[in-house]
Asks: 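I'd like to ask you about the structure that follows.
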Amino acid sequence: QVQLVESGGGLVQAGGSLRLSCAASGRTFSNYVMAWFRQAPGKEREFVAFISQSGLLRYYADSVKGRFTISRDNARNTVYLQMNSLKPEDTAVYYCATKGKNSYTIISSDYDYWGQGTQVTVSS
């Protein structure tokens, strides 16, 4: 059973920064792609970023490119999302996710395991 636990969300002013963490257990973390998604009220869940097993490949949604950085520490079984220059439109519940198959995808339904989410609120 895979467990993902996010932390690090909170309330921040526009232009500020937050770092989200996602601790994984239940499988060999370094073997699998990890991703972050987010869901704002009344909107569908949307892709934010993914990172390959080694960390060498990282892919971002256009809306966060240049402001967010995904990284991972395989020794700590943890994936991070550093969020800088935050905007009110970044307000959402942020989820980390992983998948059973080792392919790269931005489609949420392709991911098998999800955390409970952490709320990020950016005030203007």
Asks: Would you say Thr105 and Asp110 are linked by a side-chain donor-acceptor pair, where the criterion is simply a distance under 3.5 Å?
Replies: yes
Asks: If every non-hydrogen atom of Ser124 is compared with every non-hydrogen atom of Ala14, which pair is closest and at what distance?
Replies: CA-CB, 4.4 Å
Asks: Would you compute the distance between atom CZ of Arg27 and atom CG of Asn77 and round it to the nearest 0.5 angstrom?
Replies: 11.0 Å
Asks: Can the positive tip of Arg45 be found less than 6.0 Å from the middle of the six-membered ring of Tyr95, inside 45° of the ring normal?
Replies: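 Relative to the ring axis of Tyr95, which defines the angle, Arg45 lies inside both limits.
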Asks: Measuring from atom CZ of Phe37 to atom CD1 of Ile106, what distance do you get when rounded to the nearest 0.5 angstrom?
Replies: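 Here the interatomic distance stands at 8.0 Å.
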Asks: Surrounding CZ of Arg76 (heavy atoms of other residues, nucleotides or ligands, distance under 6.0 Å), is the total greater than 12?
Replies: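 It does not: Arg76 CZ has 12 such atoms or fewer within range.
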Asks: Just how far is it from atom CD of Gln119 to atom CZ of Arg38, taken to the nearest 0.5 Å?
Replies: 12.0 Å
Asks: Would Arg67 pass as a cation-pi partner of Tyr60, given that its NZ or CZ must be under 6.0 Å from the six-membered ring centre and within 45 degrees of the axis?
Replies: no
Asks: For the atom pair CG (Leu18) and CG (Asn84), what is the distance rounded to the nearest 0.5 Å?
Replies: 9.5 Å
Asks: What residues join Leu11 in its hydrophobic cluster, counting side-chain heavy atom gaps under 4.5 Å, either direct or through other members?
Replies: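 Answer for Leu11: none, a lone residue.
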Asks: Atom SG of Cys96 and atom CD1 of Ile70: how far apart are they, to the nearest 0.5 Å?
Replies: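 Reported value, rounded in 0.5 Å steps: 9.0 Å.
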Asks: If I take atom CG from residue Leu81 and atom CZ from residue Phe68, how far apart are they, to the nearest 0.5 angstrom?
Replies: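 Answer for the CG-CZ pair, Leu81 versus Phe68, is 6.0 Å.
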Asks: In terms of side-chain heavy atoms, does Asp73 have a donor or acceptor partner in Thr78 at a distance below 3.5 Å?
Replies: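 The answer is no; no qualifying pair exists.
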Asks: For the OH atom on Tyr32, are there more than 12 heavy atoms of other groups (residues, nucleotides or ligands in this structure) within a distance under 6.0 Å?
Replies: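 Buried by this count: over 12 neighbours within 6.0 Å.
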Asks: Are more than 12 heavy atoms, taken from residues, nucleotides or ligands other than Lys65, located less than 6.0 Å from that residue's NZ atom?
Replies: yes
Asks: Counting only heavy atoms not in Gln116, do more than 12 sit closer than 6.0 Å to its CD atom?
Replies: yes
Asks: Counting C-beta onward and ignoring hydrogens, is there a side-chain heavy-atom pair between Ser108 and Trp114 closer than 4.5 Å?
Replies: yes
Asks: Run Lys87 and Thr91 through side chain to side chain donor-acceptor pair (under 3.5 Å) and show every step you take.
Replies: CA-CA 8 Å; Lys87 304 175 181 180; Thr91 294; over 6 Å; no
Asks: Considering only heavy atoms from C-beta outward, does the side chain of Tyr104 approach that of Ser52 to under 4.5 Å?
Replies: yes
Asks: Any side-chain heavy-atom pair from Gln53 and Val33 closer than 4.5 angstrom?
Replies: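 With C-beta onward as the side chain, the pair touches.
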Asks: Do Phe50 and Arg58 have side chains that get closer than 4.5 Å, going by heavy atoms?
Replies: no
Asks: If you look at every heavy atom in Glu6 and Tyr94, which pair is closest and at what distance?
Replies: OE2-O, 4.0 Å
